[in-house]
There are 2 protein chains.
Amino acid sequence: MDDLAGLLGLDGNGEVPSGRIIQIYEVACRQFAQRGFDGVSMRDIAAECGISKATLYHYFPDKDSILRPLAMGATKSIYLHVARHDDATLPAVDRLRRFIVETATFFEAFRWAWIAGSTAFWSDPEARARKERIAWRDRYEQLLRDILQAGIDSGELHATDVKIAGRLVLGTINWMPRWYNPAGPLKAPEIAGQFCDMLLAGLRAAPPKKAVGRKAKAKG
Amino acid sequence: MDDLAGLLGLDGNGEVPSGRIIQIYEVACRQFAQRGFDGVSMRDIAAECGISKATLYHYFPDKDSILRPLAMGATKSIYLHVARHDDATLPAVDRLRRFIVETATFFEAFRWAWIAGSTAFWSDPEARARKERIAWRDRYEQLLRDILQAGIDSGELHATDVKIAGRLVLGTINWMPRWYNPAGPLKAPEIAGQFCDMLLAGLRAAPPKKAVGRKAKAKG
DNA sequence: GACAGACTACCGACCGCTCGGTTGGTGCGG
DNA sequence: CCGCACCAACCGAGCGGTCGGTAGTCTGTC
């Protein structure tokens, strides 16, 4: 399910991904996501791969070299994914929905890489978060702000501050890894769709100045 | 500014907080928040406190004993804080606003403890996240769901699923530590207030079936 | 077909270092 | 003289990373 080779850009060029390398990425990716970069030793990764630690160093010069492409690939790919699905000719409301839902779709597909990259970014901002990675992240956030701004300009949205509104939206999505259960009844894109509904319509039921004839959209 | 003694419950009983213990908590708390539990050594904490590592072990039996009260205190105190400011006789919309803003107020005051506790909870769910701590966290989330449910029952809110809506709200708040700048122009409670406005009113500007006479709340 | 050499995948054993934690003590106020 | 606050020195374990070597495979050459 996790096409990590695609995320890492290993299948596009002439190189052969070598199988073992993909396996190491997959194992390390999940372990980093579950126990953190510092909480995973090279011995742990080697053991689960069924190889010796020395063999691990045959494929990767050091520990950082395993994490870096994962974090970089996740950050870059998430932007490319939502940008590919964006269409500036659509109404801003539809673009916003796509942005949110496609982000969740990406998260569903590359959950471990997402988490590993996100926590790596958080725990060691100066060493591992290099310029290029921040640049992709900025493009991602900027796309969201552009969508929000387009909605404000066209009169579809009435946010006053696109930065604040953008962080509102991103917070709802980025917090998902903390509670999302892949085995649950709702998949991530479905939840994201509901989030989008609530964010657009608001939680308040009725206009404050006008009485409602019927209970707006009764639950039962 | 950080009344850590209060958060840890060290000033209520007859014990003398001893000064040094408070200092260790403060230093460790900030370091844990900034570099993670595994990223901070006992030598680091001792060095910044200006004492030897052995003295650290004079006050605490092990490393976990420094983090545990911090994480526990933060989780418990955040619930007690919002519960103290809640008033079930108020309209649900006002209660929701208080919940969000007071959470941000708490975050502003105990930022390091909040982050340290949150990341500890996340990185090692089974070992350090003990039953009691989860219980307080559940009470906190349950209070939010109760407020949302009360709003739905009274017709103020039209959320269909309080669990999903609750996670929407919590995500916006809980993501704040990742980008919040204490030196910025807006303080956390102010940002939280704006979040609450957006969450209640929604980002969409006008009802889809009716034309608006004026540009809703123009930005300039 | 045999053989040398280069190369790949792999490993056991080891290195220096830092970690959390311990031990045996010192100085000092009450 | 006791107990508190404190510390230098130390310990075993685990860390990231290195080293020398082995088994197999592919290639070119006689």
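These figures come from a predicted structure and were not determined experimentally. Chain letters run A, B, ... following the sequence lines, proteins first and then strands; every chain starts at 1.
B/Phe60 places its CZ atom 15 Å from the P atom of C/dG20, with the value rounded to the nearest Å. Rounded to whole Å, the distance from NZ on A/Lys53 to P on D/dC19 is 13 Å. Atom C1' of nucleotide C/dC11 and atom CE of A/Met42 are separated by 15 Å, given to the nearest angstrom. For the pair A/Asp62 CG and C/dC17 C1', the interatomic distance rounds to 17 Å; values are reported in whole Å. If you take CZ of B/Phe37 and P of C/dG20, they are 8 Å apart, rounded to a whole angstrom. With rounding to whole Å, B/Asp38 atom CG is found 15 Å from D/dA13 atom C1'. As a whole-Å value, the separation of B/Asp64 CG from C/dC19 P is 17 Å.
At D/dC6, one or more side-chain N or O atoms of B/Tyr59 fall inside 4.0 Å of OP1 or OP2 (strictly under the cut-off). In terms of phosphate contacts, B/Ser41 brings a side-chain nitrogen or oxygen within less than 4.0 Å of OP1 or OP2 of C/dC19. A/Arg20 has a side-chain polar atom (N or O) that falls below the 4.0 Å cut-off from OP1 or OP2 of C/dC10. Not one side-chain nitrogen or oxygen of A/His58 sits closer than 4.0 Å to the OP1 or OP2 atom of C/dC10. The phosphate of C/dC10 (OP1 or OP2) has no side-chain N or O of A/Thr55 nearer than 4.0 angstrom.
Rounding to the nearest 0.5 Å places CD of A/Glu190 at 10.0 Å from OG1 of A/Thr105. Rounding to the nearest 0.5 angstrom, the gap separating the CD atom in B/Glu102 from the CD1 atom in B/Ile78 is 9.0 Å.
Across C/dG20, D/dC15, D/dC6, the shortest atom-to-atom separation from the side chain of A/Arg43 is found for D/dC15.
Side chain to side chain, B/Tyr140 and B/Thr103 meet the donor-acceptor criterion of an N or O pair below 3.5 Å. Inspection of the A/Gln23 and A/Arg20 side chains reveals an N or O donor paired with an N or O acceptor under 3.5 Å.
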